[in-house]
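Right, one structure below, let's go through it.
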Amino acid sequence: MPELPEVETIRRDLEHELVGRVVQSLQIRDRRLMKTAEQKRWELNAVGRAWTAIERRGKYLVVQLEAGWRIILHLRMTGQLVLGKDRPQSYRMRLTFDNGNELSFYDQRRFGEVWLLAPGQAWPSKSDLGPDALKELTQDMFISLVKKRTTRIQPLLMDQRLISGVGNIYAQEALYKASIRPSRPGRSVSRSEATRLYKALQETLQTAIAHRGSTSRNYRDAYDQEGSAQSLHAVYRKGGQPCVRCRGPLRAARVGGRGTVYCPRCQK
DNA sequence: CGGGGCTCCTGTGCGC
DNA sequence: TGCGCACAGGAGCCCC
């Protein structure tokens with residue numbers, strides 16, 4: 001599910017509802033998510049602490065707790081963080097706060113991950129994250145990064161070590177907007193094309209946030225509501241349908257092991 | 001460095 | 001209707 005715009009939407013919802021609140025208890029239903037020893041560590045160190053800030057790095061959510069502890073969450077494909085009481089019992093983890101509010105972590109495919117980090121403890125991502133696509137990536141950084149690689153441009157956009165936050169939906173949409181084929185080697189993308197792509201990416205991500213993310217299947221915001229950015233999609237999952245620009249059929253292909261859709265006439 | 005394939009899971013949609 | 005297969009917003013790992 002969630003790429004940068006979806007995670008940012010959830011972040012804002014949680015910030016609004018939970019900053020300043022104190023965790024009162026936690027329930028775990030998925031032993032794969034957290035083993036008994038780890039659960040004890042959470043009860044000792046996360047329960048009783050207030051949430052002081054909620055940040056985002058790429059597709060990760062970072063919850064700052066009192067005294068320098070941090071909770072890191074990654075929703076992978078189908079993770080959901082939903083506020084409110086009387087939600088379904090199929091949660092993997094649930095936190096209860098001092099005002100009675102609850103936060104439930106649902107995850108159909110169970111790829112999502114959660115960490116509790118002690119003060120100063122290392123970031124859990126195996127490989128370091130590249131600059132955040134919206135907050136840190138500048139046009140110059142983007143151009144030099146693209147020109148340096150022989151990798152195809154779509155997998156390049158989605159490589160979290162190079163740029164963090166972009167996934168399969170928004171990579172496809174930005175490439176369409178910039179009229180560049182997903183399979184083009186980075187190095188073959190000219191300066192002016194890269195500039196166009198940078199701007200398309202920024203605009204795509206910002207507009208998606210303004211629409212509270214894309215709900216294709218599983219994604220819901222923290223209030224369990226769907227986003228509406230999917231109504232803006234020009235190519236994602238639209239193989240065979242007419243291109244909105246030239247009316248020719250969009251083509252479905254595989255690039256870097258992932259499905260992608262592009263317009264063979266508009267995207268060079 | 002790059003690319004392909006497989007893995008972790010569960011659910012859906014399609015062709016036969 | 002049933003069955004099997006491909007594929008799905010992610011990402012790490014292994015091998016070539």
Side-chain angles (χ1 to χ4, degrees), chain A residues 1-11 29-35 56-61 72-81 88 90-93 105-115 123-130 133 144-176 182-188 201 204-205 208-209 211-221 226-240 252-261:
Chain A
M1 112 178 162
E3 304 181 27
L4 189 154
E6 290 75 33
V7 178
E8 178 61 19
T9 301
I10 293 170
R11 188 199 70 77
R29 281 191 72 252
D30 187 344
R31 300 194 58 80
R32 212 181 91 104
L33 182 68
M34 208 176 284
K35 297 160 196 74
R56 183 186 58 73
R57 271 185 75 182
K59 302 175 194 173
Y60 288 84
L61 277 172
I72 318 282
L73 293 126
H74 197 303
L75 303 173
R76 300 283 174 150
M77 298 280 263
T78 58
Q80 302 174 334
L81 286 168
S90 53
Y91 61 84
R92 302 181 72 196
M93 180 174 88
F105 176 22
Y106 298 102
D107 190 8
Q108 187 179 87
R109 287 176 74 177
R110 298 166 72 208
F111 290 165
E113 292 183 273
V114 181
W115 300 265
W123 183 260
S125 177
K126 302 281 186 292
S127 42
D128 285 336
L129 285 183
S144 77
L145 178 145
V146 164
K147 301 293 296 176
K148 239 186 274 178
R149 312 269 159 175
T150 59
T151 324
R152 292 165 299 178
I153 189 71
Q154 182 172 346
L156 189 156
L157 288 175
M158 294 168 60
D159 187 336
Q160 305 301 300
R161 295 166 299 183
L162 303 178
I163 302 168
S164 61
V166 182
N168 202 14
I169 293 181
Y170 298 110
Q172 286 176 52
E173 293 299 324
L175 286 164
Y176 175 79
S183 56
R184 284 270 298 281
R187 214 180 0 200
S188 79
L201 183 62
T204 304
L205 295 172
I209 293 172
H211 285 74
R212 300 188 59 78
S214 299
T215 297
S216 161
R217 291 189 175 186
N218 290 270
Y219 169 70
R220 299 290 184 280
D221 66 23
E226 298 187 355
S228 63
Q230 66 278 8
S231 67
L232 309 170
H233 295 172
V235 287
Y236 176 68
R237 284 192 160 212
K238 290 185 191 279
R254 293 195 82 75
V255 174
R258 308 291 300 275
T260 191
V261 175

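So you know, we letter chains A, B, ... as the sequences are listed, proteins then strands, and number each from 1. The model shown is predicted, which means the values in this text are computed figures rather than measured ones. When reading the values below, keep in mind they use all heavy atoms of this one structure, side chains included, and skip hydrogens, waters and symmetry mates.
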TODO: For A/Arg152, report the nucleic acid contact type (base, sugar-phosphate, nothing); a contact means any heavy atom under 4.0 Å.
DONE: sugar-phosphate
Those residues at least two apart in sequence (or on a different chain) that pass ring-ring contact (aromatic ring centres under 6.0 Å, His included) with A/Trp123 are A/Tyr60
(Q) Mind checking if A/Gly167 touches a base, just sugar-phosphate, or nothing, with heavy atoms under 4.0 Å? (A) sugar-phosphate
Contacts of A/Thr9 meeting side chain to side chain donor-acceptor pair (under 3.5 Å) (sequence neighbours excluded), chain-then-number -> none
Hits for side chain to side chain contact (heavy atoms under 4.5 Å, CB included) against A/Leu145, two or more places apart or cross-chain, chain-then-number order -> A/Leu156, A/Leu162, A/Ile163
| query | Using the C1' atom in both, what is the distance from B/dC9 to C/dG2, to the nearest Å? | reply | 24 Å
By salt bridge (charged side-chain N to carboxylate O under 4.0 Å, His left out), A/Arg217 pairs with (sequence neighbours left out) none
For A/Thr151, report the nucleic acid contact type (base, sugar-phosphate, nothing); a contact means any heavy atom under 4.0 Å. sugar-phosphate
For A/Arg187, the side chain to side chain donor-acceptor pair (under 3.5 Å) test, sequence neighbours excluded, returns none
Residue pairs meeting side-chain hydrogen bond (donor to acceptor under 3.5 Å, both in side chains), one or both in residues 227-239 of chain A, sequence neighbours left out, come to A/Ser214-A/His233
With both pairing distances under 3.5 angstrom for Watson-Crick or G-U wobble, and | for a partner in another strand, the correct string for DNA chain C is .|||||||.|||||||
Applying salt bridge (charged side-chain N to carboxylate O under 4.0 Å, His left out) to A/Arg57 and not counting sequence neighbours gives none
Comparing A/Tyr60 with A/Arg237, nearest DNA chain C nucleotide closer to 5' gives the residue A/Arg237
For this session: Would you classify A/Gly259 as touching base, sugar-phosphate or nothing, given that sugar-phosphate means primed atoms plus P, OP1 and OP2, and contacts are heavy atoms under 4.0 Å?
Result: sugar-phosphate
Footprint ends on DNA chain B, 5' to 3', for atoms under 4.0 angstrom from a heavy atom of chain A, come out as B/dG2 to B/dG11
